[in-house]
Amino acid sequence: MLLALLSRSATAQPDRPPLPPADTVYVGTLITMERDAPVAEAIAVRGEVIVAVGSTRDMMRWRGRNTRIVQLGRSALLPGFIDAHGHLTATAAVARYANLASPPSGAVRSMKDLQEAIRRQMARVPSPDQWVVGFGYDDSLIAEKRHPTRADLDAISTSRPIFLVHVSAHISVANSRLLALAGIDASTPDPVGGVIRRETGSLEPNGVLEEAAHMGLYARMPQPAAKEELSLLTTALDTYARSGITTVQDGAASAENLALLTQAAKLKFLKLDVVAYRLWLAAKAPFPAELAFGNYVNRLKIGGVKIILDGSPQAKTAWLSEPYLVPPPGQPATYRGYPTMTQEVVARAAHEALSRHVPLLAHANGDAAEQSLLDAVAAARRDTLDTTTPVVMIHAQTVRDDQLD
């Protein structure tokens, strides 16, 4: 049963007639969102609507011939949780991929385990043209303490495209077949905001792709048919619901993601409230002003826009003010990661969002990226006189004490 937040207006009145009866009355410990009555004895529910909350005696007024009485016993009933930041469509997508996580989330402890997981996935997608995709490997948790390379994947197949995504989702690995399909070779320059890792002493790609290089290939990954996408989305929503989450976020929805969610909403497939933030590559695209921000339609709301200032500490692509203790292979001791947006673009993005009063989510993991965001937002607040539109720093994994205020 999906429960809405309790409100004082839903409290039962002693003289209220018991018709129509409730479907279910829960009796026991109930945690509410009420300041004056944080704990209640019972709750009456009809369909997906809370019709009353209060004392057990009052709730029994809603009892009918077919009303189910649930004694909570030592359990407690809480309002639904709100997903503070997540990626609904990505959660749906990874259900199709091989699980490359290490314990306790998966079983990959070594490169050999990873290769076996990919071979099993290859058997599940036998078409020679289909990409073989795995998600969630962690170079810090496998025995070899390194990323797989094209050589590791070529040992599995040189005829099937193989694509592995790091647990951070900021790095990926491609085999030779996929690199050839993507046109990535020794003559391919690093994209702005990304790195194509190379073989030692050579310009030949070793298969590992960072940030913009990774995202460029990820965007080309073939998508399933619409019917399968909707089915995967429904399964993902079930996963959230089982954990008590009733408002779900898609915190970096591409145009394609948003189209899928819009279709699902139109077809009444969304059993939970979904708040999507449109991914905005501000250096390449204008502000998506055509979107209707801020209102639910069939349980879908476009909450604002999302920008990405840097990468991930786990991938060692977050932009820091001090060098990494252990830099990635091939990088000097002075390596600090790198930004994915220039300061000029960050400033423009903040100004455009606030001038339109559109909430802004900003991925900033390294303290240098975080300072870039703080400076840009401060300037935008002054220029637009907007002091209330939310700007949320997403992750903030290395934020400094002097930046917190």
Can a salt bridge be assigned to the pair [X] and [Y] using a cut-off of 4.0 Å between side-chain N and carboxylate O?
X	Y	value
Asp139	Arg146	no
Asp250	Arg278	no
Arg46	Asp23	no
Glu48	Arg299	yes
Glu116	Lys112	no

- Message: Checking Asp152 against Gln115 for the side chain to side chain contact (heavy atoms under 4.5 Å, CB included) test, could you report, in this order, the C-alpha distance in whole Å, the side-chain angles of both residues, the deciding distance, and whether it holds?
- Response: CA-CA 8 Å; Asp152 296 309; Gln115 290 171 321; 4.1 Å; yes
Which heavy atom of [X] sits nearest to which heavy atom of [Y], and what is that distance?
X	Y	result
Ser168	Gln314	CB-CB, 4.3 Å
Arg381	Val391	NH2-CG2, 3.9 Å
Val345	Ala282	CG1-CB, 3.7 Å
Gly136	Val167	O-CB, 3.7 Å
Val192	Ala212	O-CB, 3.3 Å
Ala174	Leu178	CB-CD2, 3.8 Å

Could you tell me whether the side chain of [X] and the main chain of [Y] form a donor-acceptor pair under 3.5 Å?
X	Y	result
Lys145	Ser140	yes
Thr188	Asp185	yes
Arg198	Ile196	yes
Ser105	Ala101	no
Gln223	Met221	yes
Lys306	Gly251	yes
Gln121	Arg96	yes
Asp58	Gly54	no

- Message: Using ring centroids (six-membered ring only for Trp), state whether His147 and Tyr137 fall under 6.0 Å.
- Response: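 Aromatic pair counts; centres sit under 6.0 Å.
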- Centroid-to-centroid, Trp319 to Tyr338, below 6.0 Å? no
Rounded to the nearest 0.5 Å, what separates atom [atom1] in [X] from atom [atom2] in [Y]?
X	Y	atom1	atom2	result
Asn365	Leu320	CG	CG	9.0 Å
Leu374	Arg400	CG	CZ	8.5 Å
Thr24	Arg63	OG1	CZ	12.0 Å
Phe163	Leu179	CZ	CG	10.0 Å
Leu164	Leu114	CG	CG	5.5 Å

Looking only at the side chains, is there a donor atom on one of [X] and [Y] sitting less than 3.5 Å from an acceptor on the other?
X	Y	result
Glu344	Thr342	no
Thr340	Asp310	no
Gln371	Asp367	no
Ser55	Glu41	no

- Query: What do the steps show when you test Ser127 against Asp129 for side chain to side chain donor-acceptor pair (under 3.5 Å), and what is the final call?
  - Reply: CA-CA 5 Å; Ser127 172; Asp129 295 326; 4.9 Å; no
- Query: Under the side chain to side chain contact (heavy atoms under 4.5 Å, CB included) criterion, do Val45 and Tyr26 qualify, and how do the steps go?
  - Reply: CA-CA 8 Å; Val45 178; Tyr26 295 89; 4.0 Å; yes
- Message: Are there over 12 heavy-atom neighbours, none belonging to Arg160, within less than 6.0 Å of that residue's CZ?
- Response: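 Enclosed.
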- Message: Determine whether Ser176 and Asp154 satisfy the following criterion, side chain to side chain donor-acceptor pair (under 3.5 Å), listing intermediate values before the conclusion.
- Response: CA-CA 7 Å; Ser176 295; Asp154 285 351; 2.5 Å; yes
- With sequence neighbours left out, the residues meeting salt bridge (Lys or Arg N to Asp or Glu O under 4.0 Å) with Glu204 are Arg150
- Message: Assess the residue pair Gln249 and Leu361 against the criterion (side chain to side chain contact (heavy atoms under 4.5 Å, CB included)); give the C-alpha distance rounded to whole Å, side-chain angles, the decisive distance to 0.1 Å, and a yes or no.
- Response: CA-CA 12 Å; Gln249 187 182 114; Leu361 298 192; 3.6 Å; yes
- Query: Taking the six-membered ring for Trp, are Phe287 and Phe293 parallel (under 30°), tilted (30 to 60°) or perpendicular (over 60°)?
  - Reply: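 Answer is tilted, since the angle falls between 30° and 60°.
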- Evaluate the ring planes of His214 and Tyr218, with Trp represented by its six-membered ring, and classify them as parallel (under 30°), tilted (30 to 60°) or perpendicular (over 60°). tilted
- May I have the step-by-step check of side chain to side chain donor-acceptor pair (under 3.5 Å) for Glu211 and Thr317, ending in yes or no? CA-CA 8 Å; Glu211 300 302 334; Thr317 55; 2.5 Å; yes
- Give the C-alpha distance, both sets of side-chain angles, the deciding distance and a yes or no for side chain to side chain contact (heavy atoms under 4.5 Å, CB included) between Leu153 and Val173. CA-CA 9 Å; Leu153 304 190; Val173 189; 3.8 Å; yes
- Query: For His85, what residues pass the ring pair (Phe, Tyr, Trp, His ring centres under 6.0 Å) criterion, not counting sequence neighbours?
  - Reply: His87, His395
- Could you walk me through whether Thr235 and Asp238 pass side chain to side chain donor-acceptor pair (under 3.5 Å), step by step? CA-CA 5 Å; Thr235 300; Asp238 287 339; 5.3 Å; no
